[in-house]
Structures are given as structure tokens and as C-alpha cells.
Enquirer: 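Take a look at the following structure, please.
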Amino acid sequence: MVAPSLLGPVAERVPEVERIAVLRANALGDFIFVLPALDALRAAYPEAEIVLLGAPWHVKLWRDRPGPVDRVLVVPPADGIRRPEPDEEPATTDEFLAAARAERFDLALQLHGGGANSNPLISALGARVTAGLRTETAPPLDRWIRYVYYQHEVIRYLEVAALVGAPATTIVPTLAVTEADRDEAAAVLGPAGQPRVALHPGATDTRRRWPAERFAEVARDLVGAGYEVLVTGTPAEREVVDRVVTAAGAPVRPQVGTLSLGGLAGCYAECALVVSNDTGPLHLAAAVGTPTVGIFWVGNLINTATPLRGRHRPIISWTVRCPVCGMDCTTDIYPHRPGDDGCPHRDSFVTDVPVAEVLEAAHELLDH
């Protein structure tokens, strides 16, 4: 190890590195958290090609976008790696590995999770040096650190980058917004007659969803304050968006599946504020520089909420027992603590967050 950096010790850089593979093939928010680690790799190895082992949506996102990713190599769907996308015809694992080995990677980093499924994949690439995370039961890589669940995701992956001599250059995820992003958003949304605020009431994990009726109260208040309010969502979130629009009783604009991911980045970049559950679009908004109010369950806040408060306000739910069965849902990863585990319910854990608290934070940021 050499002298400590911003976040602790940093290993010596690996010599003669021409090509780096980085495995991060999961969802939008997950990918946003790895951007500072990619920035660190770019700074430490400025001449190397950084190849993201990702999903088809990563290919679309990084097409003609400046940033630390030079190219995307699509990794096939597999347990613990990623789910298939609709209408996808993926390569087989053998086909992928043959193509990946032909790349002759010098470094291969596992920035994906605990390593049970991902470390064997990284090891099979044939890179000179492998590095990443490891739970107690996952196979080791050449250089690894322990995967501990409760750690901020950004810091987790920066520690892996440090294993190969790439110290942190920032802890703030940043995604460039292109002219194509802005043009798409402008074509879909038209000119803004008033300052825009976007609400995102969906989340894949329904435990993270604040009630739609409360988003509607926020929408109604902001419309009354002179803002144009957009309600964004994926096609799978259409029902919750419709509930917000109906309950708002005010002229809000639903945007469900109208924008690509790049277009959504362009949309959020032009908004004065985004109010959202803890989900990918919230972290996308912050990454493109937009102030945010995020609604977080306390456990998720530890791992994913930005530590910055100049432009962001995470609102915390302190609920720890299932609202249906009363089971303590904080002890299942702590085998030495008494308690329950395995709660099957997926009702919201953030209903204790009051509307007044969200509105207070929203107006504070909007009036700043």
C-alpha cells in the first residue's frame, strides 16, 4: 500500500494497463452509484479503455455520451448478474466469455455485489488482475475486500477501485447530459411556461413507495405555488402515476414511457426540483445536477442517500416493523441478535413520512 488517500489506503497501480473490464449490470440507481469509481479508474488509467460489462440499456445510455465508459459489452442474463430485458435475444454465457477473453483485459473489477455469482464470471474473463467484493461464502479474486451490507454504495465501489491504485476523485455521481437528451425532452414536453417540478411516485420495491395520495397533495400544492408539475413513471408504474394524477385534482402532466432514459435525464436537468421515492430516477436527477427531495426507509438511507444537503433533502422513515404483521425487519442480517426474519409482505415502509415534511423541504430548496 502507498500513502492514504481521501478514503484510505490505495494499492500501487497495475503496470501496462490497456483495457479494464467493470461488471455492473443491474438497475439504474445501482449504476449511478458506481460512477465515482469509474471516474477514479479513468483518472488513474487515463490511456486505458474502460469497458462496462452491462445490460442492453447501458449500450443506449452510453451511446455518444461523454464520461468514463468507453464501450459496453453486454453480459448475458444469469442468476445474480441481471434479468433479461423484454424481447432480448442474449448470447450464451460461453459465447460471451469467448468474446470477453478475446478482449485480453488487463484488469477486471467486480463492482456488482457480494460475489457469489459475479466473482466466478470475473475470474473466467482471463484478466491479468481481478479485484472486487466478497461475502464469506463467495470465491476470492486476486484483490478483494469484504462485502458488508450496510455501507454507502458509492464508498463501497470506491474502495474496490483503490485496490487497483485508483484513488477517489469525487464521491458525487455525475452523469453528463447531452444535447440529444435535451432535444428529446424538449420535443416531448414542449417549452416550459412555468418552472417545472417532477414527481416520481413509483419504485420497483413497493416497500419504498410513499402513498400516491400524498404525492398528489404535493402536486396540488406545487401547482398552486406556480409550478408546472410532471409525474414521471415507467410503463410498469402507469397505475400509480394515474392515481397521483387523479387524486391531485390539478393540472399535472403524466409522463409514462414518453421519454427514453437519456430523455428523462434531459427532462430532469431542466427541472427546478425532483421529488421521488428511493429509486433510480431520484439518483439520476441528482447525478444530472437537479435538487431532490427523496423519501427513504432508514435502512436504505444508510446505503443510498446522498450525504450532501446543499441541494438535496432525504426524508427519513424510521419504521422498522412490518405494517402488516409487526415483524422486526432489521435483524435478519444479524445472526447474533434475537428477532424475526423472512417477512413476506411488501406494504410500504415509508407511510410515516408526513406531507408537511416533504413540502417544507421542497419549498426550502425551490426558494433557495
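Only heavy atoms go into these numbers, but all of them, side chains included; no hydrogens, no water, no symmetry mates.
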Enquirer: Give a yes or no on whether a salt bridge exists between R253 and E228, defined as a side-chain N under 4.0 angstrom from a carboxylate O.
Expert: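 Yes, R253 and E228 are salt-bridged.
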Enquirer: Is there a side-chain contact between L366 and L222, using heavy atoms and a 4.5 Å cut-off?
Expert: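 Yes, their side chains come closer than 4.5 Å.
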Enquirer: Mind checking whether L261 and K60 have side chains closer than 4.5 Å, heavy atoms only?
Expert: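 Result no, sub-4.5 Å side-chain heavy-atom pair not found.
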Enquirer: Which heavy-atom pair separates V160 from Q110 by the least distance, and what is that distance?
Expert: CG1-O, 4.3 Å
Enquirer: Work out which heavy atom in A43 is nearest to a heavy atom in T169; give both atom names and the distance.
Expert: CB-CG2, 3.7 Å
Enquirer: Please answer whether the main-chain N or O of S317 pairs with a side-chain N or O of D352 as donor and acceptor at a distance below 3.5 Å.
Expert: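 Checking the backbone N and O of S317 against the side chain of D352, no donor-acceptor pair under 3.5 Å is found.
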Enquirer: Within the supplied structure, the quantity of interest is the number of heavy atoms (other residues, nucleotides, ligands) at a distance under 6.0 Å from D64 CG; does it exceed 12?
Expert: no
Enquirer: Has R101 got a side-chain atom pairing as donor or acceptor with R104's backbone, closer than 3.5 angstrom?
Expert: no
Enquirer: Where do T206 and R346 come nearest, in terms of heavy atoms and distance?
Expert: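 Closest approach of T206 to R346, heavy atoms only: OG1-O, 2.6 Å.
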Enquirer: Minimum heavy-atom separation for F33 and Y157, please, with both atom names.
Expert: O-CD1, 4.2 Å
Enquirer: Please name the pair of heavy atoms, one in A127 and one in L107, separated by the smallest distance, quoted to 0.1 Å.
Expert: CB-C, 4.0 Å
Enquirer: Work out which heavy atom in A25 is nearest to a heavy atom in V75; give both atom names and the distance.
Expert: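 Residues A25 and V75, closest heavy atoms: CB-CG1, 3.6 Å.
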Enquirer: Is it true that E217 and R214 make a salt bridge, defined as a side-chain N closer than 4.0 Å to a carboxylate O?
Expert: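 No, E217 and R214 are not salt-bridged.
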Enquirer: Take a 6.0 Å sphere around CZ of R83 and say whether it holds more than 12 heavy atoms from other residues, nucleotides or ligands.
Expert: no
Enquirer: For a side-chain contact (heavy atoms from CB on, under 4.5 Å) check, start with the C-alpha distance between T174 and L35, then their side-chain angles and the critical distance, and finish with the verdict.
Expert: CA-CA 7 Å; T174 302; L35 287 171; over 6 Å; no
Enquirer: Between D278 and R207 (salt bridge meaning N to carboxylate O under 4.0 Å), is one present in this structure?
Expert: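 Here D278 does not pair with R207 in a salt bridge, since their nearest N and O are not under 4.0 Å apart.
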Enquirer: Which value, rounded to the nearest 0.5 Å, describes the distance between H152 atom NE2 and T306 atom OG1?
Expert: 6.5 Å
Enquirer: Measuring only between side-chain heavy atoms, which start at C-beta, is H58 closer than 4.5 Å to R82?
Expert: no
Enquirer: In sequence, state the C-alpha distance, the side-chain angles, and the governing distance for I295 and F215, and then conclude on side-chain contact (heavy atoms from CB on, under 4.5 Å).
Expert: CA-CA 11 Å; I295 299 160; F215 273 104; 4.2 Å; yes
Enquirer: If you measure only the distance, is there a donor-acceptor pair under 3.5 Å linking the side chains of N119 and H112?
Expert: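 On atom types as modelled, these side chains do not qualify, holding no pair under 3.5 Å.
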Enquirer: Has E18 got more than 12 heavy atoms of other residues, nucleotides or ligands less than 6.0 Å from its CD?
Expert: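 No - once you tally the heavy atoms of other residues, nucleotides and ligands closer than 6.0 Å, there are 12 at most.
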Enquirer: More than 12 foreign heavy atoms under 6.0 Å from CD of E360: is that the case here?
Expert: no
Enquirer: Are R182 and E270 close enough, and set up right, to give a salt bridge (Lys or Arg N to Asp or Glu O under 4.0 Å), and what steps lead you there?
Expert: CA-CA 8 Å; R182 297 182 190 275; E270 298 300 321; 2.2 Å; yes
Enquirer: Kindly indicate whether the side chain of T258, heavy atoms from C-beta on, has any atom under 4.5 Å from the side chain of L189.
Expert: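 Result no, sub-4.5 Å side-chain heavy-atom pair not found.
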